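Keep in mind that this is a model prediction, so the values were computed, not measured. Naming convention: chains lettered A, B, ... in sequence-line order (proteins, then strands); numbering from 1 in each chain.
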There are 2 protein chains.
Amino acid sequence: MTVLFSRKCEYALQGILYLAEKQYEGNISAEQIATDLNISRDFISKTLQSLVKDGIIQSHRGKSGGFSLAKDPDSMSLLDIVLIIDGNSVFESCVLGLPTCGAESPCPVHEKWGPIREASRKMLENTTVAQFQPVTGSV
Amino acid sequence: MTVLFSRKCEYALQGILYLAEKQYEGNISAEQIATDLNISRDFISKTLQSLVKDGIIQSHRGKSGGFSLAKDPDSMSLLDIVLIIDGNSVFESCVLGLPTCGAESPCPVHEKWGPIREASRKMLENTTVAQFQPVTGSV
DNA sequence: TTTAATTCGGACTATATACTCCGATTATGA
DNA sequence: TCATAATCGGAGTATATAGTCCGAATTAAA
């Protein structure tokens, strides 16, 4: 199998987008997120906890607790989440896996790959979580 | 960690490119490939065996045996190797990992991601192994 | 004919990631 | 004050991928 992002990162992105969608509904429980996204409750819970540590989302324990966004979704890009969970190796490392590949000793596809990698990075950077929030009041 | 291709696929690409470079030198042993590419002999050996099964390269046992290209490197694209080892999931599956994502119910980045994915596919498709072979006689 | 060099194939181990379980903690509200 | 509902945190299991080991088969050349 081949992946662009780790499973954990995919879940984080799905979770953040879900929270943005429900941002005017207060705390959203891991249970609800898991059910709606059809993934494991314990795993999405753990994944969201790492986003809490990073200050991107908030959590509240106890009855009617759950998760919610902690920042202005306008200032939250998809790239931010990817970097927190997976780091930037996918944007840096050689596509053929050659450890020596770089500007000085490029691999055969180094030049061709650069612009594509840059485009995907920019896409994630320019896509904010806010773009997917519902208009206030429409919920 | 995040990968675009599996380690096995990276090794396969490195191996094929190496064989193309040495294509006028007869059989190349796994030992030599492993040493020059600085990877495990047993692992590159196993990896190349799957390419042999697929008819892209040849192998010969015994003394002075080894591996060599089995096809015209002009008709051998990097995409061919990727598809053999990793399949086409990276070009098909949703970047956010949403199983329902598709033309009918696109994920938030579906439209933006399409062209980037297509560009990377085309890049691999249009890059042949032959582009990296030395000019005849120059070896 | 023997020796050395090689792939082949199967079984094995190592490691990272994915995922689960459960008890402790925290908070709400009846 | 008590029951209930939630996260937190640590430890565990499952699975896939990565990588190793070794003996058998094969071949070339001494």
Just how far, in rounded Å, is P of dT17(C) from CZ of F43(A)?
-> 11 Å
Record whether the side chain of K46(A) comes under 3.5 Å of the base of dG10(D) through a donor-acceptor pair of N or O atoms.
-> yes
Neighbour count >12 (heavy atoms, 6.0 Å) for atom CG, N38(B) | no
Sidechain-backbone polar pair: S105(A) side chain, C101(A) backbone, donor-acceptor under 3.5 Å = no
Is any N or O donor-acceptor pair between the side chain of R61(A) and the base of dT25(C) shorter than 3.5 Å?
-> yes
Using atom CD1 of I39(A) as one end and atom P of dT20(C) as the other, report the distance to the nearest whole Å.
-> 11 Å
Specify the residue among G66(A) and H60(B) whose closest nucleotide of DNA chain D lies further upstream toward the 5′ end.
-> G66(A)
Atom CZ of R41(B) and atom C1' of dG9(C): how far apart are they, to the nearest Å?
-> 14 Å
For T128(B), does its backbone N or O pair with a side-chain atom of Q131(B) as donor and acceptor, under 3.5 Å?
-> yes
Rounded to the nearest Å, what distance is computed from the CG atom of residue N27(B) to the P atom of nucleotide dT26(D)?
-> 17 Å
Any donor-acceptor N/O pair, Q58(A) side chain to V52(A) backbone, under 3.5 Å = no
Can you check the Q49(B) CD to dA25(D) P distance for me, whole Å?
-> 16 Å
Side-chain (D54(B)) to main-chain (I84(B)) donor-acceptor, under 3.5 angstrom = no
Looking only at side-chain atoms of F67(A), point me to the closest of dT7(D), dC21(C), dT20(D).
-> dT7(D)
Between C1' of dA25(D) and NZ of K63(B), the distance in whole Å | 17 Å
State whether S45(B) places a side-chain N or O below 4.0 Å from either non-bridging phosphate oxygen (OP1 or OP2) of dC8(C).
-> no
Separation of dC21(C) C1' from E31(A) CD (nearest whole Å) = 15 Å
Side chain of S40(B) - closest among dT20(C), dG19(D), dT7(C) = dG19(D)
On DNA chain D, check which nucleotide each of S64(B) and A30(A) is closest to and give me the residue with the more 5' one.
-> A30(A)
Remember a base hit wins even if backbone is also touched, and classify G65(B) as base, sugar-phosphate or nothing at under 4.0 Å, heavy atoms.
-> sugar-phosphate
Roughly, in whole Å, what's the span from CD1 in I28(A) to P in dT7(D)?
-> 11 Å
Would you please confirm or rule out a distance under 4.0 Å between OP1 or OP2 of dA18(C) and any side-chain N or O of Y11(A)?
-> no
